[in-house]
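Reading through the C-alpha cells given below for one structure.
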Amino acid sequence: MPFSIATWNVNSLRARMDLLLYWLKSRKIDVLCLQETKVEDGQFPKEIFEELGYHVLFKGEKAYNGVCILSMYPFKSIKKDFGNIEGEQKRILEASIDDFTIINAYFPHGKIPDSSSFYYKIDFVEGLRLYLDENFGSNDNLILTGDFNIAPEEIDVFDADFLKNAIGFHPREREALLYLKEWGFIDLFRHCNKNVKGYTWWDYRNSSFKKNKGMRIDHIWASEKMAEHCKKCIIDKEMRGKPKPSDHAPVIAEFG
DNA sequence: ATGGTTGGCTTCCAA
C-alpha cells in the first residue's frame, strides 16, 4: 500500500494554521513531521487534526522550538524523552508506525560558527548518531526527518563560495552531518533527484525567495532498506510563495 | 548581498 511522509518547519503552528490546513486538504499526506510549532502542549490544537483523521503526537514549549507528528496510521509506540541530546529544548519525537520508526528532529540553528549555540548544534548532531548506534541496526526500517539546519553539499546552497563559512553550511557542521548520515541513511531528495538544485528554506529578508537564494536544510533520510521503496521525493516550493508563508517549504517522499 | 523580515512576546530574542 503506497504512503507518503512529509516534513515541514511551519515557523509557528498557530500562525500557519490556515495554510497548513489548505495544504493538507490539497495533498495526500499520511505521516507529517512538523517543526517550530511554538506552542505549549496545553494550547496545541489537537482536535483539528484528529477531525482530519490523524493520530497526533506533540511536544512543545512557549515561543520556541516544538515538534509534532501527525499520522493516518496509529502509533505502535512513542518516545518523547531525549533529554541528553536536546537538553531543556523540545526538539525530537520518535514514533513507530506500521513496520517503520520515524524520528522527527528540529536541529538547533547554531547562530554563529564557533559560538556556544554552534557547539550545542554539533553536540546535538553527534548525540543523535550515538543514540542511533545504541538503538537501531542497519536492518531496521528507519526514517530520520526534520529541519536539520544544515545543507549537505555545494549543490544544496545558492552560492557555495559566498556561504562557505556561514551557519548552515560551515565545514564543521557538514562534517557532523556526514557522520550522522554514515549511520546508514539515504538522502531521499538527492536519491530521487540527482544533480537537481532544490532548496527548502529561503530567508524572509532580502527578497531571498524571489531571487531563489535558498538552502536545502530540511531532509527526509531513510535507512537503506526503506529507501528502496521510495518512488519520489519532492520539495513543495509552491507553499513558500503563498501569502503569509513559513520561511521553509515542505518536503514530501512517496513510498510504494 | 554584508542589508533587513517574521513570529512570539514584549520593549527584545531567535531564526
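Chain letters run A, B, ... following the sequence lines, proteins first and then strands; every chain starts at 1.
- You'll find that the side chain of Arg205(A) is closest to dG4(B), out of dG4(B), dG7(B), dT2(B).
- A cation-pi arrangement is not found for Lys181(A) relative to Tyr179(A), the charged atom failing to lie both closer than 6.0 Å to the ring centre and inside a 45° cone about the ring normal.
- Residue-to-nucleotide proximity on DNA chain B shows that, of Asp147(A) and Pro245(A), the 5′-proximal contact is made by Pro245(A).
- Across dT2(B), dG7(B), dA14(B), the shortest atom-to-atom separation from the side chain of Lys111(A) is found for dA14(B).
- The cationic atom of Arg91(A) (NZ for Lys, CZ for Arg) lies less than 6.0 Å from the six-membered ring centre of Tyr106(A) and within 45° of the ring axis.
- Atom C1' of nucleotide dG4(B) and atom NZ of Lys213(A) are separated by 14 Å, given to the nearest angstrom.
- Here dG7(B) is the nucleotide among dG7(B), dA1(B), dC9(B) with the atom lying nearest to any side-chain atom of Asn11(A).
- Between the CZ atom of Phe107(A) and the C1' atom of dA14(B) there is a distance of 19 Å, given to the nearest Å.
- Considering only side-chain atoms of Asn206(A), the nucleotide from dG7(B), dA15(B), dG4(B) that sits closest is dG4(B).
- Out of dA15(B), dA14(B), dT5(B), the shortest distance to the side chain of Tyr64(A) is found at dA14(B).
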For this session: Quick one: do Met215(A) and Asp156(A) satisfy side-chain contact (heavy atoms from CB on, under 4.5 Å)? Show the steps, please.
Result: CA-CA 6 Å; Met215(A) 299 170 71; Asp156(A) 298 313; over 6 Å; no
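- At the phosphate of dT6(B), neither OP1 nor OP2 sits under 4.0 Å from any side-chain N or O atom of Arg16(A).
- For dA14(B) and dT10(B), the C1' atoms lie 14 Å apart once the distance is rounded to whole Å.
- Closest contact between the side chain of Tyr106(A) and the listed nucleotides dA15(B), dG7(B), dG4(B) involves dA15(B).
- Asp30(A) and Ser4(A) get closest at one heavy-atom pair: OD2-N, 2.9 Å.
- Not one side-chain nitrogen or oxygen of Lys38(A) sits closer than 4.0 Å to the OP1 or OP2 atom of dA14(B).
- Rounded to a whole Å, the CZ atom of Phe209(A) is 17 Å from the P atom of dT5(B).
- With C1' as the reference atom, dT2(B) and dT11(B) are 27 Å apart, rounded to whole Å.
- Distances were taken from every side-chain heavy atom of Ala63(A) (C-beta onward) to each of dT2(B), dG7(B), dC9(B); the shortest belongs to dC9(B).
- Comparing Glu40(A) and Gly110(A) along DNA chain B, the residue whose closest nucleotide (by nearest heavy atom) sits nearer the 5' end is Glu40(A).
- Rounded to an integer number of Å, the gap from Asp203(A) CG to dT2(B) P is 14 Å.
- Classification of Arg14(A) and Glu36(A) as a salt-bridged pair fails, no side-chain N sitting under 4.0 Å from a carboxylate O.
- If you take CG of Asp159(A) and P of dG3(B), they are 17 Å apart, rounded to a whole angstrom.
- One atom, CZ of Phe118(A), and another, C1' of dA15(B), lie 16 Å apart when rounded to the nearest Å.
- One P atom belongs to dC9(B), the other to dA15(B), and the distance between them is 15 Å to the nearest Å.
- Side-chain proximity of Lys62(A) to dG7(B), dC9(B), dA15(B): nearest is dC9(B).
- Rounding to whole angstrom units, CG of residue Asn9(A) and P of dG7(B) are separated by 12 Å.
- In this structure, Asn65(A) atom CG and dA15(B) atom C1' are separated by 10 Å, rounded to whole Å.
- Figure legend: cation-pi geometry between Arg174(A) and Phe169(A), with NZ or CZ positioned under 6.0 Å from the six-membered ring centre and within 45° of its axis.
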